[in-house]
Trainee: 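Can you read through this structure? Questions will come right after.
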Amino acid sequence: MSEAASTVTVDKEALRRKYAEERDKRIRPDGNDQYIEIKDQLSHYLEDPYVPVQEREPVNDHVTFTFIGGGFSGLVTGARLAEAGITDVRVVEKGGDFGGTWYWNRYPGAQCDTAALIYMPLLEETGHMPSEKYVHAPEILEHCQRIGRQYNLYDNALFHTQVQELTWNEENSHWLVKTNRGDAFTTKYIGMAPGPLHVPKLPGIEGIETFKGHSFHTSRWDYDYTGGDPKGAPLDKLADKRVAIIGTGATSIQCIPHLARACKNLYVCQRTPSSVDVRDNQPIDPEWFKEIATPGWQNRWLENFTANQTGEEAEVDLVQDGWTDLAKRVRHKIAKLAPEDMTVENMMAAYEDSDFQKMEEIRQRIPTIVKDGDTAEQLKAWYQQLCKRPTFHDEYLKSYNEPGCVLLDTDGQGVERITEKGVVVQGKEYEVDCIIYASGFEVGTPFARRSGFDAVGRSGKTLSEHWSNGMRTMHGAYVNGFPNLFIVQAAQGANLISNYPHNLTEAGTTIAKVVEHAEANQFAEVELTQKAEDGWLELLKSAPPGLIGTTNCTPGYYNNEGKGWGTGPTEITAAGYPQGPLAFFRYQKAWREDGEFEGLEFRA
Ligand code: NDP
């Protein structure tokens, strides 16, 4: 429902109280430490169920550019380098193909909930027309492979390979890369994308190691066990199975409809409900696409979405989705304020008003779909929409009308125990054949733990040491003491999170420009100066607090499990460009195009 059509009335005081109560119930002193790192005897949870590992000889050569990670970041950077004539690029990837997130997340129903026309990178360059407004995962994986082929990134790629050591060689001005496959090669430049959400995590539930049935994490979906396939074929091997799924985040919302239809019994273990708004997906009409796909279209769409979503004035809303609707509602409310009332407090109050209304609509939709009254009540999310990843789905709520699907609400406490036979919720044991962990990915853990390596820069200093008091970069991309090293990430740059690939495309484009400049002028090294790094951090400190990640929210990875990002090393890591994402993208474009590359030092 659009803002203009909203007729919902709310009791603000009662809602504030309810939100606080629900939040307090969930706060745990162990924060992020409640999750278990997957290693040692749990390592089988990380095995690749999709592509067999190929034997190969170790590589001991030299390449111009190496990118660690074959997801969107590596693909876009590799593509931009190829466009600049730098074709000697090697991608090192732990999965068996390109795709990153979309290589691993093949669970049934996986879909991108950001519109494909802005989410899928390089659509204009590859000439691909997405099939739907919100495409399903297999199409995104195929698109990654398309980019890999078009820019010849397969030629030099090392799949099923993890970097273990990365060391700067002062004498020869290059990096030495060592991997778990015995490779030891050198590279003039290194790129990496050490961002969040790629290392699966397990909940630290008592007894988790004792379960005798089958179990897997959603990012390593076991189709041999469930039957079906990532394209949506029914999970036919589950017809006689009792399955528990732990977690009700964005992943679960998408796969539960498939499980609910297929399992004999499905127990959904819920700690915090997601907000589930209308999806309304549609196929893309090729005739319409032809009309809009005029030169430069994707960039126009990207900028338009970011403008609409982050509060800049835009004449039209091209994407028209739940994200832009939310932002428009807030703007609409703020626009009603008299000029003398335009204070930060009043603007925050307008945001709160509009959010109360939106969330009430989302809650009121539930009993119109879910037949069982208690279940419908338990599915209601009591927090501001941006406290957790908002979700959008038209089948999820219907799942609870399937005869075998049962919601096991834990009243915010989580699954109590796992036994040899199943899960214990609120004192009752539910015997199951299989447990599926939809428990998410590591966020806020140290970079070296998530990456599996540390970078050893000038004078033997590691990146972890350099960042021991918080991340230090310029634009999120360049680091003093780490020459010829580039990072692709949203942090300390635009920090735009709902259409993450916008960050990655801009960063990849910029890095390719820097490398092109260095190569054209035969420089051996390019490095961020100390002064520029200090200056960038000072600038970030002046940024106003964001709406996302506040400690008033129910805990989750958005707010560091309730602890917030406002203290210690995480504070500066989570900061973004003070004038906002679109201003950052404009600044970054001007920076890379004026040829000065201010802050970087190029050396012969
Ligand atoms: P999340 O981290 O969002 O969800 C993990 C879930 O596990 C939460 O519901 C959490 O509950 C629950 N959980 C954790 N511990 C326990 C416990 N002890 N007992 C019961 N439940 C527990 O992971 P997802 O994989 O769902 O999503 C990760 C991110 O991936 C998303 O937020 C989104 O950014 C991205 N994504 C994007 C999609 C897209 O369309 N673009 C689709 C899917 C994912 P609690 O909330 O209480 O912590």
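Both counts, for ligands and for their atoms, begin at 1 and track the order of listing.
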Trainee: Using the ring centroid of each side chain, check whether His198 and Phe441 are separated by less than 6.0 Å.
Mentor: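 Here the rings of Phe441 and His198 have centres that are no less than 6.0 Å from each other.
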Trainee: Looking at Asn304 and Arg300, would you say the former's side chain and the latter's main chain have a donor-acceptor pair under 3.5 Å?
Mentor: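 Pair absent, no side-chain N/O of Asn304 close to backbone of Arg300.
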Trainee: So is Tyr107 close enough to ligand 1, meaning a heavy atom under 4.0 angstrom away?
Mentor: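 A heavy atom of Tyr107 does come that close to ligand 1.
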Trainee: Look at the aromatic rings of Phe289 and Trp297 and report parallel, tilted or perpendicular, splitting at 30° and 60°.
Mentor: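 Answer is perpendicular, since the angle exceeds 60°.
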Trainee: Just by distance, with hydrogens left out, do Ser498 and Gln309 show a side-chain donor and acceptor under 3.5 Å apart?
Mentor: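 Checked: Ser498/Gln309 side chains pair up, N/O donor to acceptor below 3.5 Å.
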Trainee: Does ligand 1 have an atom that lies less than 4.0 angstrom from a heavy atom of Ile205?
Mentor: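 Contact present.
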Trainee: Suppose we measure from atom 36 (N) of ligand 1 to each protein heavy atom; which comes out shortest, and what is that distance?
Mentor: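 Of every protein heavy atom, Ala250 CB, 4.0 Å lies nearest to atom 36 (N) of ligand 1.
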Trainee: Looking at Tyr267, I'd like to know if the NZ or CZ of Arg242 sits under 6.0 Å from its six-membered ring centre while staying within 45 degrees of the ring's axis.
Mentor: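 Here Arg242 fails the 6.0 Å and 45° test against Tyr267.
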Trainee: If you measure from the SG of Cys553 to the SG of Cys387, is it under 2.5 Å?
Mentor: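 Answer is yes, sulfur atoms closer than 2.5 Å.
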Trainee: Heavy atom to atom 9 (O) of ligand 1, shortest distance: which of Val415, Ile245, Thr248 holds it?
Mentor: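 Residue with the shortest heavy-atom distance to the ligand atom: Thr248.
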Trainee: Is it the side chain, the backbone, both or neither of Gln254 that has a heavy atom closer than 4.0 Å to ligand 1?
Mentor: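 Answer for Gln254: side chain.
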Trainee: Where on Tyr437 is there a heavy atom closer than 4.0 Å to ligand 1, on the side chain, on the backbone, on both, or on neither?
Mentor: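 No part of Tyr437 comes within reach of ligand 1.
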Trainee: Near Lys388, which atoms of ligand 1 are under 4.0 Å from a heavy atom of that residue?
Mentor: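 Those atoms are 45 (P), 46 (O), 48 (O).
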Trainee: Can you sort out which atoms of ligand 1 are near Asp113, meaning under 4.0 Å from one of its heavy atoms?
Mentor: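 Those qualifying, in numeric order: 39 (C), 40 (O), 41 (N).
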Trainee: Could you see which bit of Pro203 sits under 4.0 Å from ligand 1, with heavy atoms only: side chain, backbone, both or neither?
Mentor: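 Contact part for Pro203 vs ligand 1: side chain (C-beta onward).
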Trainee: Atoms of ligand 1 less than 4.0 Å from Phe441 heavy atoms?
Mentor: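 Close to Phe441: 25 (O).
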Trainee: Does ligand 1 have a heavy atom under 4.0 Å from the side chain of Ala438, from its backbone, from both, or from neither?
Mentor: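 Backbone only.
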Trainee: Would you say Gln111 contacts ligand 1, with heavy atoms under 4.0 Å as the rule?
Mentor: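 Under 4.0 Å: yes for Gln111.
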Trainee: Validate the cation-pi geometry between Arg106 and Tyr223: distance from NZ or CZ to the six-membered ring centre under 6.0 Å, angle to the ring axis within 45°.
Mentor: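 No cation-pi geometry.
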Trainee: Taking distance alone, with no angle check, do Thr272 and ligand 1 share an N/O pair under 3.5 Å?
Mentor: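 Thr272 vs ligand 1: N/O contact under 3.5 Å present.
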Trainee: List the closest protein heavy-atom neighbour of atom 48 (O) of ligand 1: residue, atom name, distance to the nearest 0.1 Å.
Mentor: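 The protein heavy atom lying closest is Arg271 NH2, 2.8 Å.
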Trainee: Carefully, step by step, assess Phe98 and Phe159 under the rule ring-ring contact (aromatic ring centres under 6.0 Å, His included).
Mentor: CA-CA 8 Å; Phe98 291 116; Phe159 294 121; 5.0 Å; yes
Trainee: With Lys201 as the cation and Tyr45 as the aromatic partner, state whether NZ or CZ is under 6.0 Å from the six-membered ring centre and within 45° of the axis.
Mentor: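 Pair Lys201/Tyr45 does not count as cation-pi.
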Trainee: Between Lys328 and Asp317, does at least one N-O distance fall below 4.0 Å, as a salt bridge requires?
Mentor: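 A salt bridge is present here (some side-chain N lies under 4.0 Å from a carboxylate O).
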Trainee: Less than 4.5 Å apart, any side-chain heavy atom of Val243 and any of Asn265?
Mentor: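 With C-beta onward as the side chain, the pair stays apart.
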Trainee: Can you tell me the protein heavy atom closest to atom 20 (C) of ligand 1 and the distance?
Mentor: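 Its nearest protein heavy-atom neighbour is Ile246 CG2, 3.6 Å.
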Trainee: For atom 2 (O) of ligand 1, which protein heavy atom lies nearest, and how many Å away is it?
Mentor: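 Atom 2 (O) of ligand 1 sits closest to the protein heavy atom Gly440 CA, 3.7 Å.
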Trainee: What atoms in ligand 1 come closer than 4.0 Å to a heavy atom of Ser439?
Mentor: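 The list of qualifying atoms is 5 (C), 7 (O).
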Trainee: Check the side chains of Gln254 and Tyr107 for a donor-acceptor pair under 3.5 angstrom, ignoring hydrogens and angles.
Mentor: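 Yes, a side-chain donor-acceptor pair sits under 3.5 Å.
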Trainee: Of all the heavy atoms in Thr114, does at least one lie under 4.0 Å from an atom in ligand 1?
Mentor: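 It does not, in that no heavy atom of Thr114 comes within the 4.0 Å cut-off of ligand 1.
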Trainee: Considering only non-hydrogen protein atoms, determine which one is nearest to atom 12 (C) of ligand 1 and report residue, atom name and distance to 0.1 Å.
Mentor: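 Result: Gly247 CA, 3.5 Å.
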Trainee: Are side-chain N/O atoms of Tyr119 and Asp113 paired as donor and acceptor at under 3.5 Å?
Mentor: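 There is no such pair (donor and acceptor under 3.5 Å, judged by atom type) between the side chains of Tyr119 and Asp113.
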Trainee: Can you tell me which residue and heavy atom of the protein come closest to atom 37 (C) of ligand 1, and the distance to 0.1 Å?
Mentor: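 Looking only at protein heavy atoms, the one closest to atom 37 (C) of ligand 1 is Arg389 NH2, 4.0 Å.
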Trainee: Nearest non-hydrogen contact with atom 31 (C) of ligand 1 belongs to which option: Tyr557, Tyr558, Tyr35?
Mentor: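 Of the listed residues, Tyr557 has the closest heavy atom.
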Trainee: Identify the protein heavy atom lying closest to atom 27 (O) of ligand 1, giving its residue, its atom name and the separation to 0.1 Å.
Mentor: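 Sorting protein heavy atoms by distance from atom 27 (O) of ligand 1 puts Thr251 OG1, 3.6 Å first.
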Trainee: If we ignore angles and hydrogens, is there a donor and acceptor under 3.5 Å between the side chains of Glu139 and His128?
Mentor: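 Note: Glu139 and His128 side chains meet the donor-acceptor criterion.
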Trainee: Could you find the nearest protein heavy atom to atom 4 (O) of ligand 1 and give me its residue, atom name and distance?
Mentor: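 Of the protein heavy atoms, Gly249 CA, 3.8 Å lies nearest.
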